[in-house]
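It should be emphasised that the depicted structure is a prediction, and the values quoted were computed from it without experimental measurement.
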Amino acid sequence: MLRILKPVTVSARTAFRFSRYYTNPVSKIEKEPLSPLAKHLHDSIKISGPLTVAHFMRQVLVNPLSGYYMEGDVFGKSGDFITSPEISQVFGELCGIWYLTEWMRLGKPEKTQIIEFGPGRGTLMSDMLRSLSHFPYFYKTITDVHLIEASTGLRKLQREALVKGSEDKDVIRIKGNEKEASYETITREDGVKVSWYDGIELIPEQWSFIMAHEFFDALPIHIFEKAESEWREMLVDIDDSDEREHNFRLVKSKHSTAMAKAYMNDERFSSYKDGDRIEISPDSWQLIDKIAKYLERNGGSGLAIDYGQDYIQGHTLRAIKNHQIIHPMSDPGTADLSADVDFSFLKQTIRERSDITAYGPITQSNFLQALGIHTRVEKLFRNAKSSASRKAILDGAERLMDPEEMGRIYKVLAFSNDSQSTTSVRPVGFENM
């Protein structure tokens with residue numbers, strides 16, 4: 001078997017042995033200037049008081065005027081972080097193969113569609129479609145690709161990756177009971193329609209594959225700390241001290257907030273002690289609930305691939321800029337904000353609110369090995385035209401697999417409507433779960 005070489009560099013988005021960046025001392029005392037978004041947040045706090053971390057994250061990431069993801073390309077070496085599809089084409093190719101095996105396991109439906117949440121540059125979907133096109137008996141069943149994307153800048157990059165730069169598009173408007181919504185769609189040369197939406201609610205009902213790669217980590221979280229036997233929410237406030245360089249800081253709420261009353265009386269949180277912190281993401285639970293109910297109605301299966309653990313954590317909020325971890329309150333809107341995914345809560349939501357079966361999570365390394373990454377890398381290596389290409393192939397695969405990088409930190413959760421399966425076979429990679 002071909003040996004995969006050790007990489008030279010580390011992906012900053014996976015190097016997060018940092019724990020408590022928002023409480024570490026800083027050396028500078030001169031505060032950073034207020035950007036337009038920071039001024040907006042500053043003024044909001046002055047008027048209404050400290051913000052929840054969830055509200056702060058929403059504003060930082062998807063504020064229509066100056067949110068981090070709204071500006072355009074933030075991925076790759078020239079951006080702030082690099083993701084698995086950007087590291088190696090093998091990642092997307094093998095994800096495509098996994099969906100092919102699911103199609104066969106779940107009865108080979110005649111019509112399928114693919115839904116991706118947060119498609120980035122479109123690289124993952126492009127690699128998946130290219131891989132699947134080598135299996136025409138399956139590929140001909142794909143009628144649509146539906147992309148959930150809020151950023152107009154990223155939609156442009158996705159069009160370039162998936163529809164060969166075509167500018168011919170239809171904008172379809174749907175009028176509901178309360179407001180009018182719209183989505184845009186372009187038909188590829190191979191007949192597959194690619195459409196963009198703001199949410200899953202507008203996507204047509206049909207047997208579907210779902211992909212959520214590095215999407216749940218960017219959904220807003222609430223942070224709570226136990227104090228005097230009560231859960232108090234951590235809030236974002238103005239930092240008016242002279243000892244800090246940033247304009248914002250985390251403070252503990254003086255009283256129990258609405259979110260604390262709504263979520264923190266659950267029995268599962270009763271064993272925590274004073275001083276313990278936990279992060280929860282109701283937005284994540286609501287989204288996985290919508291996904292599960294969609295698959296319950298229509299059939300299909302999906303993957304959630306992200307960094308995280310199969311248990312709740314309390315100190316994972318991070319910001320990344322120029323491939324470096326920085327203070328999460330630093331210059332809002334110029335850096336990526338994210339937190340570890342709690343896969344145990346995603347599974348619990350799926351199982352309690354639907355008949356969908358959840359599998360895993362397993363490590364990304366185990367997932368890719370089950371799909372034959374070594375065989376694929378060996379073939380690419382032999383076909384490479386230069387030593388530089390061969391090295392890039394090996395380095396990329398190593399970064400995906402290395403337990404000190406993405407191999408162990410990234411987890412893969414599968415979920416499927418198994419009612420259409422005629423056997424007891426489990427999804428590829430999850431046979432022992």
Verify the distance criterion only: is there a donor paired with an acceptor across the side chains of [X] and [Y] at less than 3.5 Å?
X: E233; Y: T257; answer: yes
X: S365; Y: Y410; answer: no
X: H146; Y: Q113; answer: yes
X: E279; Y: H222; answer: no
X: R268; Y: Q348; answer: yes
X: S301; Y: S416; answer: no
X: E205; Y: N298; answer: yes

Can you check whether [Y]'s main-chain N or O pairs, donor with acceptor, with [X]'s side chain at less than 3.5 Å?
X: S208; Y: Q206; answer: yes
X: S131; Y: E93; answer: yes
X: E431; Y: G429; answer: yes
X: S330; Y: I326; answer: no
X: S126; Y: G122; answer: no
X: S48; Y: I45; answer: no
X: D306; Y: F215; answer: yes
X: Q364; Y: L400; answer: yes
X: H327; Y: M329; answer: yes
X: R376; Y: L94; answer: no

Q. Does K193 NZ have over 12 foreign heavy atoms under 6.0 Å away?
A.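 No, not enclosed.
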- Above 12 or not: heavy atoms from other molecules or residues under 6.0 Å from CG of D274?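 Enclosed: over 12 neighbouring heavy atoms sit under 6.0 Å from CG of D274.
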When Q158 is tested against each of T123, L147, V163 for side chain to side chain contact (heavy atoms under 4.5 Å, CB included), which residue passes?
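Exactly one pass, corresponding to L147.
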Any side-chain heavy-atom pair from [X] and [Y] closer than 4.5 angstrom?
X: V90; Y: V377; result: yes
X: W207; Y: T141; result: no
X: F269; Y: I312; result: yes
X: L129; Y: I114; result: yes
X: I200; Y: I291; result: yes

Looking at the rings of [X] and [Y], which for Trp means the six-membered one, are their centres under 6.0 Å apart?
X: Y263; Y: W285; result: yes
X: Y272; Y: W231; result: yes
X: H213; Y: F117; result: no

Considering all heavy atoms of both residues, which atom of [X] and which atom of [Y] are nearest to each other, and what is their separation?
X: P361; Y: L413; value: N-CD1, 4.1 Å
X: I409; Y: E404; value: CD1-O, 4.4 Å
X: T334; Y: K321; value: OG1-NZ, 3.4 Å
X: F216; Y: A304; value: CE1-CB, 4.1 Å
X: V53; Y: L317; value: CG1-CD2, 4.2 Å
X: L61; Y: A335; value: CD2-O, 4.5 Å

(Q) Pair R426, D418 - check salt bridge (charged side-chain N to carboxylate O under 4.0 Å, His left out), show working. (A) CA-CA 9 Å; R426 291 169 172 255; D418 285 350; over 6 Å; no
* To do: Go through Q369 and M401 one step at a time and tell me if the side-chain contact (heavy atoms from CB on, under 4.5 Å) criterion holds.
  => CA-CA 9 Å; Q369 286 187 67; M401 297 288 289; 3.1 Å; yes
* To do: Give the C-alpha distance, both sets of side-chain angles, the deciding distance and a yes or no for side-chain contact (heavy atoms from CB on, under 4.5 Å) between E378 and T375.
  => CA-CA 5 Å; E378 186 169 357; T375 301; 5.8 Å; no
Practice item. Using the side chain to side chain donor-acceptor pair (under 3.5 Å) rule, pick out the option among H315, K411, R318 that qualifies with D340. Key: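 Testing D340 for a side chain to side chain donor-acceptor pair (under 3.5 Å) against H315, K411, R318 leaves exactly one candidate, R318.
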For the pair [X] and [Y], find out whether any cationic side-chain nitrogen is under 4.0 Å from an anionic carboxylate oxygen.
X: E102; Y: R105; value: yes
X: E184; Y: R155; value: yes
X: K290; Y: E201; value: yes
X: R58; Y: D283; value: yes
X: R130; Y: D127; value: yes

For [X], check salt bridge (Lys or Arg N to Asp or Glu O under 4.0 Å) against everything at least two apart and list the hits.
X: E267; answer: none
X: K261; answer: none
X: K347; answer: D310

| request: Go through E225 and R232 one step at a time and tell me if the salt bridge (charged side-chain N to carboxylate O under 4.0 Å, His left out) criterion holds. | output: CA-CA 5 Å; E225 182 175 305; R232 300 291 176 82; over 6 Å; no
Working note: I223 + I278, criterion side-chain contact (heavy atoms from CB on, under 4.5 Å); need CA distance, chi angles, decisive distance, verdict. CA-CA 6 Å; I223 303 176; I278 63 173; over 6 Å; no
Under the side-chain contact (heavy atoms from CB on, under 4.5 Å) criterion, do F415 and L346 qualify, and how do the steps go? CA-CA 10 Å; F415 40 89; L346 296 186; over 6 Å; no
For a salt bridge (charged side-chain N to carboxylate O under 4.0 Å, His left out) check, start with the C-alpha distance between D395 and R399, then their side-chain angles and the critical distance, and finish with the verdict.
CA-CA 6 Å; D395 285 354; R399 293 181 71 177; over 6 Å; no
Criterion ring pair (Phe, Tyr, Trp, His ring centres under 6.0 Å) against F209, the qualifying member of Y294, Y99, W103 =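 Among Y294, Y99, W103, the one meeting ring pair (Phe, Tyr, Trp, His ring centres under 6.0 Å) with F209 is Y99.
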